[in-house]
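Presented below is the structure to which this report refers.
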Amino acid sequence: MAVLAEKRIVLGVTGGIAAYKAAELARLLVKAGATVDVVLTAAGAHFVTAATFQALTGRPVWTDLWNESGLAGRGMAHIDLPRGAAAVLVAPATADFMARVAHGVADDLLTTLCLARNCPLLVAPAMNVEMWEKAATQRNVAQLAADGVSVLGPASGEQACGETGAGRMFEAQQIFDALAAFLQPKRLAGRRVLLTAGPTFEALDPVRGLTNSSSGRMGFALAQACIEAGANVTLVAGPVSLATPVGVDRIDVTSALDMRDAVKSALAGRHIFIAVAAVADYRPVNVVEQKIKKGAGSLTLELVVNPDILAEVAALPQAPFCVGFAAESQNLAEFAEAKRHAKKLPLVVGNLVRDGLGGATNSVILFDDKGQHPLPLADKLTVARGIVDHIANMISPCTE
Ligand code: PMT
């Protein structure tokens with residue numbers, strides 16, 4: 001995870017049973033190349049020992065506001081620990097800890113460094129459902145959010161106390177992913193991005209239709225990567241069953257004609273249009289009202305070509321920066337370049353069907369006027385971040 005390499009993270013651990021997940025979180029951060037300074041509260045130490053974190057991070061664990069040395073050896077750990085850190089991340093964050101931070105209380109090392117920090121603060125709440133739902137906790141969480149603190153979760157489900165509901169801490173991997181997303185460079189800040197994703201479904205009759213096996217994952221990953229890069233993002237999605245990335249405006253559509261209408265109505269003021277959708281090239285001439293009955297002979301379908309949404313957008317006089325995709329089963333470079341020239345696109349992302357269609361990973365080649373730029377096989381979010389980085393390099397900085 002390049003964004004965490006050589007970054008220093010202050011990991012606060014307060015007193016909840018979810019503290020055991022903080023050990024895994026520390027391990028993930030260290031594995032990604034981060035330097036991790038753990039601050040363990042007195043209550044946190046009831047659940048996990050300092051020795052655990054010391055072994056995982058290879059660094060001293062901080063427990064005491066009145067520690068003799070501090071990072072710079074001057075007895076000011078509450079100042080020295082957050083200085084130069086990429087973020088303070090508190091997981092688990094108890095109701096009590098959040099209440100104290102929301103009110104500016106600084107009565108132990110962790111709350112004091114939260115007040116003294118000059119870097120972002122992220123908290124992952126963990127508590128019993130009744131505690132989470134109390135008006136006091138909700139007020140404090142709202143205050144933290146209003147103060148610019150990022151609140152990660154909580155999740156819902158079975159709790160250690162035996163009750164069920166909201167208040168479970170996110171899993172270590174989810175918290176790690178959220179921090180990595182938070183730290184992505186804001187290279188599309190101020191940009192408005194429109195994307196298409198997924199397949200389209202072209203109805204034949206009330207129960208049947210023409211479609212393809214696009215899962216929508218590549219387009220959703222790009223929407224996520226654009227949000228992480230600071231853009232305002234609208235995603236026009238064909239029929240897929242994926243969760244909308246937080247912060248993305250989503251418009252659900254079914255057919256190519258629906259997708260075209262949605263794109264047209266959402267296009268005004270967009271700086272970037274990324275067409276990831278596998279739009280059906282053809283649709284039935286007639287959609288039959290009643291279910292087609294099986295006959296003795298063959299069935300002939302008459303199809304008509306769908307409008308090319310990307311080509312139409314790219315041909316507009318004030319066209320946004322248009323990025324096309326090309327999924328090919330062979331001759332990737334030849335066909336992707338042909339699409340780039342035919343639609344007059346500055347950038348086409350080429351992928352082989354066997355690498356990119358349906359699965360969780362992809363391997364792509366970016367085609368632009370400067371040549372070919374391969375991005376190696378990786379999960380789709382990593383690939384999407386690489387594509388966003390390339391787009392940011394190609395467009396001029398936002399001055400609005
Ligand atoms: O959804 P996943 O399972 O994650 O898979 C991702 C993907 C393989 C579908 C994606 O990475 C991809 O390659 N999408 C483009 C598929 C394709 O080959 O499209 P195309 O060659 O039919 O179209 C070329 C470009 O024109 C695409 O950007 C497409 O969105 C756009 N197009 C095509 C036809 C049409 N009527 N309107 C369009 O906008």
Side-chain angles (χ1 to χ4, degrees), residues 193-202 210-225 235-243 245 253-264 266-267 270 272-283 303-316 319-368 375 377-384 386-388 391:
V193 181
L194 180 64
L195 300 105
T196 64
T200 62
F201 180 89
E202 313 298 328
L210 304 175
T211 189
N212 59 67
S213 50
S214 164
S215 63
R217 283 165 132 163
M218 192 66 240
F220 277 59
L222 259 161
Q224 162 89 36
L235 174 64
V236 179
V240 295
S241 52
L242 294 176
V253 297
T254 303
S255 68
L257 292 180
D258 297 341
M259 187 171 272
R260 181 209 209 185
D261 288 346
V263 165
K264 272 173 135 178
L267 195 60
R270 301 287 165 177
I272 301 168
F273 177 55
I274 311 177
V276 196
V279 185
D281 286 328
Y282 297 93
R283 67 180 185 279
L303 303 177
V304 60
V305 73
N306 269 324
D308 192 310
I309 304 164
L310 174 60
E312 287 183 359
V313 173
L316 291 171
F321 182 90
C322 285
V323 181
F325 267 69
E328 308 297 343
S329 53
Q330 58 174 340
N331 304 338
L332 179 59
E334 182 192 336
F335 293 151
E337 279 291 21
K339 281 177 187 171
R340 189 168 79 86
H341 291 295
K343 300 187 191 187
K344 298 190 175 59
L345 305 171
L347 178 64
V348 161
V349 181
N351 46 193
L352 286 168
V353 168
R354 65 159 191 265
D355 291 337
L357 190 66
T361 57
N362 202 357
S363 142
V364 303
I365 301 176
L366 310 184
F367 297 88
D368 63 18
L375 295 179
L377 183 73
D379 64 274
K380 283 182 174 168
L381 182 56
T382 300
V383 172
I387 296 168
V388 164
I391 293 171

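Note that ligands are numbered from 1 as they come in the structure, with each ligand's atoms numbered from 1 the same way. Quick note: numbers below take in every heavy atom, side chains included, and nothing from hydrogens, waters or symmetry partners. Index from 1, following the sequence.
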For V279, the ligand 1 atoms whose distance to one of its heavy atoms is below 4.0 Å: 34 (C), 35 (C), 36 (N), 37 (N), 38 (C)
4.0 Å heavy-atom contact, A311 with ligand 1: no
Donor-acceptor contact below 3.5 Å, side chain S363 vs main chain D355: no
4.5 Å side-chain heavy-atom contact, L242 and R217: yes
Any N or O of N351 closer than 3.5 Å to N or O of ligand 1: yes
Any G358 heavy atom less than 4.0 Å from ligand 1: yes
S214, any N or O under 3.5 Å of ligand 1 N or O: yes
Where ligand 1 meets R217 - atom numbers and elements under 4.0 angstrom, heavy-atom basis: 1 (O), 2 (P), 4 (O)
Protein heavy atom at shortest distance from atom 22 (O) of ligand 1: D281 OD1, 4.1 Å
Element-labelled atoms of ligand 1 that are located less than 4.0 Å from some non-hydrogen atom of A275: 27 (C), 28 (O), 30 (O)
Residue, atom name and distance, where the atom is the protein heavy atom closest to atom 32 (N) of ligand 1: D308 OD1, 3.8 Å
Rounded distance (nearest 0.5 Å) linking atom CG of N212 with atom CG of L210: 10.0 Å
Under 3.5 Å donor-acceptor, K264 side chain and I309 backbone: no
K380 side chain vs G359 backbone, donor-acceptor pair below 3.5 Å: yes
Heavy atom of the protein closest to atom 6 (C) of ligand 1 (residue, atom name, distance): M218 CB, 3.6 Å
A280-ligand 1 polar pair, N/O distance under 3.5 Å: no
Heteroatom distance test (V276, ligand 1): nitrogen or oxygen, under 3.5 angstrom: yes
Interfacing atoms of ligand 1 (cut-off 4.0 Å, heavy-atom, K339): 18 (O), 20 (P), 21 (O), 24 (C)
Closest protein heavy atom (residue, atom, distance) for atom 2 (P) of ligand 1: S215 OG, 3.3 Å
Nearest protein heavy atom with distance in Å, relative to atom 39 (O) of ligand 1: L310 N, 2.9 Å
P346 vs V323 side-chain heavy atoms within contact, under 4.5 Å: no
Ligand 1 N/O within reach of F325 N/O, cut-off under 3.5 Å: yes
Numbered atoms and elements of ligand 1 in range of G324, under 4.0 angstrom, heavy atoms: 28 (O)
Side-chain touch F273/T196, heavy atoms, less than 4.5 angstrom: yes
Any K380 heavy atom less than 4.0 Å from ligand 1: yes
Contact atoms of ligand 1, heavy-atom distance to A327 under 4.0 Å: 13 (O), 16 (C), 17 (C), 18 (O)
N351 side chain to A326 backbone, donor-acceptor under 3.5 Å: yes
Note, I387 side chain near M218 side chain (heavy atom, < 4.5 Å): yes
Min side-chain heavy-atom separation I391-V193 under 4.5 Å: no
Nearest-neighbour protein heavy atom for atom 37 (N) of ligand 1, which is reported as residue plus atom name and distance: I309 N, 3.0 Å
Heavy-atom side-chain contact between K339 and F325 under 4.5 Å: no
Listed partners of D379 passing side-chain hydrogen bond (donor to acceptor under 3.5 Å, both in side chains), at least two apart: T382
Main-chain N/O of F201 paired with S255 side-chain donor or acceptor, under 3.5 Å: no
Polar proximity ligand 1 side, P307 side, N/O cut 3.5 Å exclusive: yes
Any G198 heavy atom less than 4.0 Å from ligand 1: no
Contact check, K343 vs ligand 1, heavy-atom distance below 4.0 Å: yes
Any donor-acceptor pair under 3.5 Å from T200 side chain to V279 backbone: no
G216 near ligand 1 by a heavy-atom separation under 4.0 Å: yes
Protein residue, atom and distance nearest to atom 5 (O) of ligand 1, heavy-atom basis: G356 O, 3.3 Å
A277 N/O under 3.5 Å from ligand 1 N/O: yes
E337 side, atom CD; D368 side, atom CG - distance, nearest 0.5 Å: 8.5 Å
